Amino acid sequence: MWRRVACIYRMYARRLDHLPPYLFARIDEMKAQKRRQGVDVIDFGVGDPDLPTPAHIVESLCAAARDPATHHYPDYTGMYAYREAVASWYRGRFSVDLDPATEVLALIGSKEGIAHIPEAFVNPGDYVLATDPGYPVYKTSTLFAEGKVHVLPLTGGNDFIPDLDAIPREVCERAKLMFFGYPNNPTAAVAPRSFFAEVVDFAREHDIVVVHDNAYSEITFDGYRAPSFLETDGAADVGIEMHSLSKTYNMTGWRLGMAAGNAGVIAGLGRVKTNVDSGAFDAIQRAGITALTGPQQCVADACRVYEERRNVLVRGLSELGFDVPLPKATFYVWMPVSDSMAFAAKMLDEAGIVVTPGVGFGPSGEGYVRFAITRSVERIEEALERMRGLAL
Ligand SMILES: *Cc1c(COP(=O)(O)O)cnc(C)c1O
C-alpha cells in the first residue's frame, strides 16, 4: 500500500509545491504530543469563538431545515431574501446602500470568496498585493491562480498600516488585486478612515481591484466602532468588501458570508463560483437572515466577554514584563517577542500553552506571537499563572 501512496505523492501538481510551508504544522504536532502525554493544554491558537451561536439563530436553522423548500440546490448568488438582509444590515450598520440584485453575493464563508476571487481577475504573472502578516488565504489563492504575491509589510514602525508609496512602480503597474482588512487579523490593528481613502485613490490610479476583508468589524471595544471600506467615497468604484457571520455571531462552523460592493467585481466572482460550488444551504441562509435582522444584543454581549478577557490577559502580560497595547478590536492580542517560533515552542513545551508564532502569518510577523482570546477568564488566569513560572 505505502508504495502506491508514495507514487501518488509524486503525481501532485507543481502548484502544491509552490504553497508556502505550513509552519503551524510543527506546533500542531507538538500540541497533539502534549495532549497524548496527558498535559492540560490551554489553546490560544485557534481563531474560533468558544461561545455558542445565539439560541434564536439555532432555532431559526432548525425550523428552516424542517421545511422541504430548503432542501434543493440553492440559488448560486444566494437567496434574494438573504441578499436583501445583507443590504439592510449594511444600510443600518454603516449607512451604505447596496442593490441586493447586483451588489451582494452570498458566500460559503468569506474564506471561500477570498479563495476564489483571484480566479476571476488574476492572469499568470499578475501581481496581487497582500498584507503581511496576513490571513494565509490571500497568498495561497493568488498562487493557485498563478499570480505573484507582493507583500505589504505591517510592522510596529508603520502602526500595522501598509505604506502604499513603498510599492515599486512596476509592481503597481502589473497589480490586479489588493487584499487587506481592518480590524486586522493577526495584528489586531485598526485603520484610520484616511487610509481607506488612500487605498481608493491608489486603486483608481493603478486600476487595482480592492478586496477589503472585514470579518471583525463587530468585535470592537472601548466604544470603538469599525467602519466598512464601502463607506469611503469611491470605494464601490474600485472594489468589494468580504464579510462573514462567523465571528460576529459565533457561526464559524455554519459557513456563511457575503461579498458586497462593485457590481462588476461581484459578477466576476459569481462567474467563478457558479462553476465550482452550488451555493450555501438555504436553511443556513434563512438562519443568516435571522442573525442579520434579529436582535443584536448577542453581539454586544460577546464583545463584553472578549473585552474582559483582553483586559485580564493584557494586564497579566504587562505584569510579566510584556508591553502590549490594549487592542481596540478583534479577539486577538499581538505580543512582541524576540523569536516567535522559539517563544511559542517554549510556551507549549514548558507551560502547555498554545500561542501562534507570528512568522506563521508571513515573514513580517516575526517578532510577535498571537493569542486568540477564545478561552475563559479562568483559563487565561491559569495560563498567566503558568507563565509566571517560566523564564521568558
Ligand atoms: C476568520 C477570518 C476569515 C474567514 O472567515 P469565514 O469563516 O470563512 O467567513 C476571513 N478573514 C479573516 C482575516 C479571518 O480572520
Side-chain angles (χ1 to χ4, degrees), residues 27 41-51 133-134 154-161 181-192 215-226 247-248 250 299-348 350-361 364-392:
I27 296 283
V41 173
I42 305 178
D43 191 349
F44 296 112
V46 283
D48 185 353
D50 57 319
L51 308 168
L154 306 183
T155 65
N158 60 25
D159 291 329
F160 307 106
I161 306 289
Y182 294 93
N184 185 260
N185 173 13
T187 68
V190 299
Y216 296 93
S217 70
E218 305 315 295
I219 313 296
T220 62
F221 316 118
D222 307 330
Y224 175 71
R225 295 278 277 168
K247 314 292 163 57
T248 309
N250 310 324
V299 182
D301 291 346
C303 288
R304 218 162 9 243
V305 169
Y306 294 131
E307 189 170 319
E308 190 197 353
R309 294 173 178 180
R310 174 201 69 162
N311 293 344
V312 170
L313 179 62
V314 171
R315 194 183 315 125
L317 291 172
S318 98
E319 282 163 14
L320 285 165
F322 293 100
D323 186 21
V324 191
L326 278 177
K328 282 198 181 64
T330 77
F331 43 62
Y332 303 113
V333 169
W334 186 242
M335 184 175 86
V337 296
S338 55
D339 175 328
S340 69
M341 279 304 275
F343 186 94
K346 187 179 169 92
M347 285 274 278
L348 182 53
E350 296 176 22
I353 299 168
V354 177
V355 294
T356 307
V359 71
F361 299 101
S364 298
E366 183 44 54
Y368 293 87
V369 292
R370 189 191 76 174
F371 288 79
I373 46 176
T374 49
R375 297 291 169 250
S376 68
V377 164
E378 241 169 36
R379 294 295 272 171
I380 292 169
E381 278 168 348
E382 160 79 23
L384 289 165
E385 187 51 41
R386 292 187 196 176
M387 286 175 74
R388 275 178 209 118
L390 294 185
L392 289 168

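Fair warning: this is a prediction, and the values are worked out from it, not measured in the lab.
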Would you say the side-chain atoms of [X] pair up with the backbone N or O of [Y], donor to acceptor, closer than 3.5 Å?
{"X": "Thr374", "Y": "Phe331", "answer": "no"}
{"X": "Arg386", "Y": "Ala351", "answer": "yes"}
{"X": "Asn311", "Y": "Glu308", "answer": "no"}
{"X": "Arg370", "Y": "Pro357", "answer": "no"}

Quiz item: Checking side-chain contact (heavy atoms from CB on, under 4.5 Å) against Phe371, which of Leu317, Val324, Val354, Thr356 comes through?
Solution: Leu317
Compare all side-chain heavy atoms of [X] with those of [Y] and state whether any distance is below 4.5 angstrom.
{"X": "Glu378", "Y": "Val312", "answer": "no"}
{"X": "Val369", "Y": "Phe44", "answer": "no"}
{"X": "Phe361", "Y": "Tyr368", "answer": "no"}
{"X": "Asp48", "Y": "Lys247", "answer": "no"}
{"X": "Thr187", "Y": "Pro133", "answer": "yes"}
{"X": "Ile219", "Y": "Thr330", "answer": "no"}

For the residue pair [X] and [Y], what are the closest heavy atoms and their distance?
{"X": "Ala191", "Y": "Tyr182", "answer": "CB-CG, 3.5 Å"}
{"X": "Ile161", "Y": "Val190", "answer": "CD1-O, 3.8 Å"}
{"X": "Asp323", "Y": "Pro325", "answer": "O-CD, 4.1 Å"}
{"X": "Tyr306", "Y": "Pro49", "answer": "OH-CB, 3.3 Å"}

How long is the straight-line distance from [atom2] of [Y] back to [atom1] of [X], given to the nearest 0.5 Å?
{"X": "Ile353", "Y": "Arg379", "atom1": "CD1", "atom2": "CZ", "answer": "9.5 Å"}
{"X": "Arg375", "Y": "Leu313", "atom1": "CZ", "atom2": "CG", "answer": "13.0 Å"}
{"X": "Thr220", "Y": "Glu307", "atom1": "OG1", "atom2": "CD", "answer": "8.5 Å"}

Self-check item: Pairing of Glu385 and Arg388 as salt bridge, 4.0 angstrom limit
Solution: yes
Exercise. Report, as yes or no, whether the 6.0 Å neighbourhood of atom NZ on Lys346 holds more than 12 heavy atoms from other residues, nucleotides or ligands.
Key: yes
Quiz prompt | Set of residues satisfying salt bridge (charged side-chain N to carboxylate O under 4.0 Å, His left out) with respect to Arg310, sequence neighbours excluded | solution = Asp222
Quiz prompt | For Asp50, salt bridge (charged side-chain N to carboxylate O under 4.0 Å, His left out) partners two or more places apart | solution = Arg309
Quiz item: Would you say the ring centroid of Tyr332 lies under 6.0 angstrom from that of Tyr216?
Solution: yes
